[in-house]
Asks: 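Would you mind keeping the following structure in view while I ask a few things?
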Amino acid sequence: MKAFPFKAYLSLSLSLTHTQYSRFLPLFSLVSMRRILLFLLLLAHLGELGAEDRLLNPSKLEMFVDELPDMPKIQGFRMLNTSPKPKSLMIGMFKKKWKFHRDLPPTPVFAYGASRRGATVPGPTIEALQGIDTYVTWKNFLPSKHILPWDPTIPTAIPATKTGIPTVVHLHGGMHEPANDGNANSWFTAGFKEKGPDWSKGTYHYNNNQQPGSLWYHDHAMGLTRVNLLAGLIGAYVIRHPEVEGPLELPHGEEFDRPLIVFDRSFRKDGSIYMNSTGNNPSIHPQWQPEYFGDLIIVNGKAWPKMTVRRRKYRLRIINASNARFFRLFFTNGLEFIHVASDSTYLVEPVVTNETLLAPSEIADVVVDFSKSKTDEAVLANDAPYPYPSGDPVNELNGRVMKFTIKKEREVDTWRVPDKLIQYPSPDLSSATQTRYIAMYEYTSDTDEPTHLYINGKPYEAPATETPKAGTSEIWNVINLTEDNHPMHIHLAVFTVLDQTELVKAEEFKACMSKMNDAIKCQISKHARGKKLRVAAHEKGWKNVYKMTPGYVTRILVRFSYIHSNTSYSFDPTGMPGYVYHCHILDHEDNAMMRPLVVMK
């Protein structure tokens with residue numbers, strides 16, 4: 001059969017979009033696959049060289065020139081006379097331009113908002129009331145083509161027509177019915193023109209019956225989570241309970257209670273977001289790479305912003321919305337963090353630290369007392385290696401987060417941090433009805449480059465093996481057989497970290513697990529006998545994500561019920577499509593470190 005002309009192939013390849021490329025696959029099948037592969041690798045390499053020439057040199061941007069934005073607030077309830085009532089919201093996803101820095105050209109982004117004009121990165125902060133229903137119709141107004149490269153060779157939501165950008169919203173830390181959880185296969189394109197296999201509704205119902213605390217919402221589409229979040233689809237969500245929180249007299253109000261959504265990005269000179277479009281194993285995955293790290297640190301949509309504060313206490317809800325970057329945060333002038341909550345749950349009592357380590361998706365809910373500052377400026381800094389824990393050290397750029405300018409005048413502070421916060425039930429190991437072993441694997445190519453990651457050696461599509469009963473607790477032993485620290489997030493549930501134990505004769509155990517994929521048959525009790533890692537005091541409460549240390553077994557008590565009322569859920573958690581648990585390094589989650597979680601009656 002006559003070969004496809006090389007010059008024609010060249011011209012065609014250079015002009016094709018992802019959508020168009022798929023239409024020509026039958027034509028390309030006429031060409032030697034070896035020739036295609038070599039040519040695609042050459043094109044990708046040349047494209048990367050050209051992209052690098054156009055990369056922004058971040059050192060040319062001055063730090064601390066943009067004011068920290070306070071993202072728009074949307075109430076998730078309405079007042080009728082003096083009583084709060086349920087409220088329905090419409091929040092769209094729009095393509096628009098956003099200024100990340102005074103001296104950076106406007107950046108094409110995807111943004112959440114009630115309108116295109118009002119859409120922001122991050123999106124508006126939704127403020128809900130405990131026990132009052134919030135209904136959100138999430139609408140996709142995105143164009144037919146993505147602004148970032150994506151990889152169809154990993155498990156990915158791909159519309160049948162090959163047009164449109166799949167999206168679905170997950171409320172991270174939320175407890176609600178499966179149909180409202182934002183399952184990765186419940187995606188939809190603009191105008192609900194195409195829908196994923198598990199899509200069932202356009203309006204999500206958040207009953208807000210859980211404990212008060214800090215949550216956040218973000219995209220969760222299969223195989224596209226990393227690029228959709230990089231494009232800007234993130235936002236904060238706060239559940240308040242005035243009767244419970246008011247007596248604590250913690251800082252509150254718009255000035256003194258501020259969500260800080262922190263993430264990293266790289267840019268081209270034209271202002272567009274830069275993401276490497278060549279994979280680390282391009283012959284296997286043309287675009288996918290195991291981690292994304294950006295050069296600039298962004299807080300509430302501005303690179304290295306500044307904020308003027310008074311000499312009094314502020315509450316900062318710090319959300320790590322990065323794809324893969326860990327932040328070990330500290331103040332350069334020695335100011336302390338007073339932890340009052342972790343993720344979406346209050347602590348029993350405040351915990352004071354000089355630094356705090358945040359994995360992707362973790363939330364540090366802290367009070368900072370600026371009256372204690374001996375200087376008029378305080379830089380919030382970061383010294384976490386990347387990838388964490390054994391990667392590159394930070395530099396002058398990614399080692400700075402934002403600056404606080406502290407007014408000189410002293411003033412009376414009406415806020416306080418009480419000795420006791422909110423008491424939830426302590427973990428009761430005797431209540432556990434099941435013990436499970438959850439193993440994390442990374443698979444590599446002949447060149448020792450990662451190709452994909454699995455939990456329990458299974459792809460996402462394999463039938464659920466974690467099937468807890470509603471209202472019960474379980475002990476999970478999470479075995480990290482990789483070299484990375486994986487922040488594991490469990491949808492619906494909360495958990496407490498009991499201990500972390502090092503694996504001895506780890507290579508022997510890994511070899512057995514690679515062959516048998518059975519912790520008990522591989523004698524986990526003989527290997528989980530090494531040194532113990534201390535669980536930090538501010539992380540001993542109830543969490544929804546935690547850092548799984550490489551080469552360790554992390555034992556957690558997982559609770560599939562409310563903790564504030566000690567009862568099962570006010571809804572049926574047993575419906576389809578169920579829930580999931582996964583690594584929250586988004587590049588890992590997308591390929592394919594995620595498993596289904598099906599709750600039983």
Side-chain angles (χ1 to χ4, degrees), residues 68-77 87-96 98-100 107 109-129 134-142 165 167-174 176 180-182 187 203-206 208 212-221 224-240 254 257-265 273 298-302 305 316-323 343-344 358 360-365 489 491 544-545 584 586:
L68 176 79
D70 191 10
M71 309 321 295
K73 292 180 173 58
I74 297 179
Q75 285 193 337
F77 59 94
K87 186 177 180 180
S88 296
L89 307 175
M90 191 289 290
I91 298 179
M93 298 159 245
F94 303 93
K95 181 184 177 183
K96 64 178 299 182
W98 181 260
K99 283 281 286 184
F100 282 99
T107 299
V109 296
F110 295 163
Y112 288 117
S115 65
R116 184 184 305 275
R117 183 176 181 179
T120 55
V121 177
T125 298
I126 301 173
E127 298 204 332
L129 283 181
T134 300
Y135 297 86
V136 183
T137 300
W138 301 99
K139 288 196 173 182
N140 183 337
F141 295 102
L142 298 176
I165 299 169
T167 63
V168 64
V169 179
H170 168 59
L171 179 56
H172 181 112
H176 33 250
N180 303 307
D181 191 55
W187 54 266
T203 298
Y204 279 14
H205 173 204
Y206 305 122
N208 302 316
S214 305
L215 298 80
W216 64 297
Y217 59 94
H218 61 78
D219 188 78
H220 210 265
L224 297 171
T225 302
R226 70 197 188 287
V227 291
N228 286 351
L229 266 72
L230 273 179
L233 294 179
I234 53 178
Y237 189 109
V238 179
I239 298 178
R240 301 189 185 277
E254 289 192 8
D257 183 354
R258 303 287 292 270
L260 301 182
I261 301 185
V262 187
F263 50 93
D264 55 340
R265 296 290 184 272
I273 296 171
I298 314 294
V299 186
N300 287 8
K302 295 294 181 182
L316 306 177
R317 303 171 189 255
I318 307 173
I319 303 170
N320 182 356
S322 300
N323 278 35
D343 294 338
S344 59
L358 276 185
S361 83
E362 281 191 303
I363 301 175
D365 195 338
H489 173 48
H491 288 214
N544 57 58
V545 62
H584 220 291
L586 302 182

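Note that this is a predicted model, so its numbers are computed, not measured. The residues of the chain are indexed from 1 along the displayed sequence.
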Asks: List the steps, then state whether side chain to side chain contact (heavy atoms under 4.5 Å, CB included) holds for L171 with N180.
Replies: CA-CA 9 Å; L171 179 56; N180 303 307; over 6 Å; no
Asks: How far does NE2 of H220 sit from CG of L229, to the nearest 0.5 angstrom?
Replies: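 One gets 9.0 Å once the value is rounded to the nearest 0.5 Å.
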Asks: Applying side chain to side chain contact (heavy atoms under 4.5 Å, CB included), run through V169 and M93 and close with a yes or a no.
Replies: CA-CA 10 Å; V169 179; M93 298 159 245; 4.2 Å; yes
Asks: Are I261 and W216 packed together at the side-chain level, in the sense that at least one heavy-atom pair is separated by less than 4.5 angstrom?
Replies: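 I261 vs W216: side chains apart.
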Asks: Got S361 and H172 here, is their nearest side-chain heavy-atom distance under 4.5 Å?
Replies: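 Of all side-chain heavy-atom pairs linking H172 with S361, at least one is under 4.5 Å.
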Asks: Would you mind writing out the side-chain donor-acceptor pairs for residues 231-238 within the sub-3.5 Å range, not counting sequence neighbours?
Replies:
unit_1: Y237; atom_1: OH; unit_2: N208; atom_2: OD1; d: 2.8

Asks: Could you tell me whether the side chain of N228 and the main chain of D219 form a donor-acceptor pair under 3.5 Å?
Replies: no
Asks: Dump the intermediate steps for side chain to side chain contact (heavy atoms under 4.5 Å, CB included) on L68 and K302, then the final yes or no.
Replies: CA-CA 7 Å; L68 176 79; K302 295 294 181 182; over 6 Å; no
Asks: T167: which residues meet the side chain to side chain donor-acceptor pair (under 3.5 Å) condition with it, sequence neighbours left out?
Replies: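 Residues passing side chain to side chain donor-acceptor pair (under 3.5 Å) with T167: N140.
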Asks: Heavy atoms, side chains only, cut-off 4.5 Å: are N300 and P305 in contact?
Replies: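 A side-chain contact under 4.5 Å is absent here.
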Asks: Between T134 and Y204, is any pair of side-chain heavy atoms under 4.5 Å apart?
Replies: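 Side-chain contact under 4.5 Å: no.
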Asks: How far apart are the closest heavy atoms of G173 and S344, and which atoms are they?
Replies: O-OG, 4.3 Å
Asks: Under the side chain to side chain donor-acceptor pair (under 3.5 Å) rule, collect the residues that match up with N323, sequence neighbours excluded.
Replies: none
Asks: Would a 4.5 Å heavy-atom cut-off, applied to side chains only, mark R265 and L230 as touching?
Replies: yes
Asks: Test side chain to side chain contact (heavy atoms under 4.5 Å, CB included) on S88 and T203 and set out the steps.
Replies: CA-CA 9 Å; S88 296; T203 298; over 6 Å; no
Asks: In terms of relative ring orientation, are H491 and H489 parallel, tilted or perpendicular, with 30° and 60° separating the classes?
Replies: tilted
Asks: Which pair of heavy atoms, one from P360 and one from N320, lies closest together, and at what distance?
Replies: N-ND2, 3.3 Å
Asks: Would you call the rings of H584 and H218 parallel, tilted or perpendicular, taking 30° and 60° as the class edges?
Replies: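 Plane angle over 60°, so perpendicular.
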Asks: Please name all residues satisfying side-chain contact (heavy atoms from CB on, under 4.5 Å) with S115, sequence neighbours left out, ordered by chain then number.
Replies: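 Only R117 meet the side-chain contact (heavy atoms from CB on, under 4.5 Å) criterion with S115.
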Asks: What residue pairs, at least two apart or across chains, pass salt bridge (Lys or Arg N to Asp or Glu O under 4.0 Å) with a residue in residues 226-237?
Replies: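 Residue pairs with at least one partner in residues 226-237: R226-D590.
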Asks: Only counting residues at least two apart or in another chain, list the ones meeting salt bridge (charged side-chain N to carboxylate O under 4.0 Å, His left out) with R317.
Replies: D257, D365
Asks: Between CG of N544 and CD of E362, what distance do you get to the nearest 0.5 Å?
Replies: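 It is 9.0 Å, given to the nearest 0.5 Å.
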Asks: E127: what forms a side chain to side chain donor-acceptor pair (under 3.5 Å) with it, not counting sequence neighbours?
Replies: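 If we apply the side chain to side chain donor-acceptor pair (under 3.5 Å) test to E127, skipping adjacent residues, the hits are R240.
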Asks: CD1/I126 to NZ/K87 distance, rounded to the nearest 0.5 angstrom?
Replies: 10.5 Å
Asks: First locate atom CG of L224, then atom CG of L586, and finally report the distance between them rounded to the nearest 0.5 Å.
Replies: 11.5 Å
Asks: Is there a side-chain contact between V121 and F263 (heavy atoms, below 4.5 Å)?
Replies: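 Contact flag for V121/F263 side chains = yes.
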Asks: Taking only residues two or more places apart in sequence, or in another chain, which ones meet Y112 in a ring-ring contact (aromatic ring centres under 6.0 Å, His included)?
Replies: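 Partners of Y112 under the ring-ring contact (aromatic ring centres under 6.0 Å, His included) test: W138, Y217.
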Asks: Just to verify, what does F94 make a side-chain contact (heavy atoms from CB on, under 4.5 Å) with, not counting sequence neighbours?
Replies: R116, A119, F141
Asks: Is any side-chain heavy atom of I319 closer than 4.5 Å to one of I363?
Replies: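 With C-beta onward as the side chain, the pair touches.
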Asks: Listed by chain and number, what are the side chain to side chain donor-acceptor pair (under 3.5 Å) partners of K99, not counting sequence neighbours?
Replies: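 K99: no side chain to side chain donor-acceptor pair (under 3.5 Å) contacts found.
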Asks: Only counting residues at least two apart or in another chain, list the ones meeting ring-ring contact (aromatic ring centres under 6.0 Å, His included) with F77.
Replies: none
Asks: Could I get the full list of side-chain contact (heavy atoms from CB on, under 4.5 Å) partners for K95, not counting sequence neighbours?
Replies: P108, F110, P143, I147
